[in-house]
Amino acid sequence: MPKLFVTRREVFSASHRLYNPDLSDEENDRIYDKCNNPHGHGHNYTLEVTVRGDVNEQTGYVIDLKELKRIMREHVIKMVDHKYLNYDVDFMKGIIPTAENIAAAIWNQLYDKIPGGELYSVKIYETENNYAEFRGE
Ligand code: NI
């Protein structure tokens with residue numbers, strides 16, 4: 001059976017600060033520059049979740065996208081939307097919330113919750129031009 005890929009996009013707004021407590025303030029400034037602003041700053045993030053699987057012969061679907069939307073909203077969006085990612089989100093505690101680390105944290109939230117197909121990729125767009133992708137590898 002050929003594998004197909006389906007993707008659902010959701011958006012959320014959140015704030016973050018890029019800061020590594022193991023580094024000096026000077027090093028944090030040098031590495032993260034404006035993103036190290038002590039009181040954080042916001043982004044309108046776009047999340048794209050891609051599921052890979054066989055097409056179900058009865059439905060013609062890999063996964064019902066209404067169901068994928070529900071899963072993404074329940075396990076990710078409602079926890080991160082209008083939150084400060086460094087402090088408010090249990091599944092991001094202890095990580096530096098770069099797009100890379102956010103994508104990996106969301107992968108961990110979702111990988112065992114996809115019925116029918118398998119999670120293939122999680123993309124986080126921090127801006128229109130910059131995104132990070134995690135495929136669980
Ligand atoms: Ni930022």
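Hydrogens, waters and symmetry mates are skipped; everything else that's a heavy atom, side chains included, is used. Both ligands and their constituent atoms are indexed starting at 1 by order of listing.
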*State whether a side-chain donor-acceptor pair under 3.5 Å links Glu48 with Thr7.*
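The criterion, which ignores hydrogens and geometry beyond distance, is not satisfied for Thr7 and Glu48.
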When the side chains of residues 68-77 are checked against the rest of the protein, which donor-acceptor pairs come out under 3.5 Å, sequence neighbours left out?
residue : atom : partner : partner atom : Å
Arg70   : NE   : Glu67   : OE1          : 3.2
Arg70   : NH1  : Glu74   : OE1          : 2.7
Arg70   : NH2  : Glu67   : OE2          : 3.0
Arg73   : NE   : Glu10   : OE1          : 3.0
Arg73   : NE   : Glu10   : OE2          : 3.4
Arg73   : NH2  : Glu10   : OE1          : 3.3

Without placing hydrogens or testing angles, list every side-chain donor-acceptor pair under 3.5 Å for residues 99-107, not counting sequence neighbours.
residue : atom : partner : partner atom : Å
Asn101  : ND2  : Ile96   : O            : 2.7

*asked:* Could you go through His16 and Glu126, starting from their C-alpha distance and side-chain angles, then the distance that decides it, and tell me whether this counts as side chain to side chain contact (heavy atoms under 4.5 Å, CB included)?
replied: CA-CA 11 Å; His16 73 166; Glu126 205 168 66; 3.3 Å; yes
*Kindly compute the distance separating OH (Tyr87) from NZ (Lys93), expressed to the nearest 0.5 Å.*
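It is 10.5 Å, given to the nearest 0.5 Å.
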*asked:* Tell me every residue that passes salt bridge (charged side-chain N to carboxylate O under 4.0 Å, His left out) with Glu118, counting only those two or more places apart in sequence or in another chain.
replied: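 For Glu118 the salt bridge (charged side-chain N to carboxylate O under 4.0 Å, His left out) partners, ignoring immediate neighbours, are Arg52.
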*Are there any protein N/O/S atoms under 2.8 Å from the Ni ion (ligand 1), and if so, which?*
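Only His16 NE2, His41 NE2, His43 NE2 fall inside 2.8 Å of the Ni ion (ligand 1).
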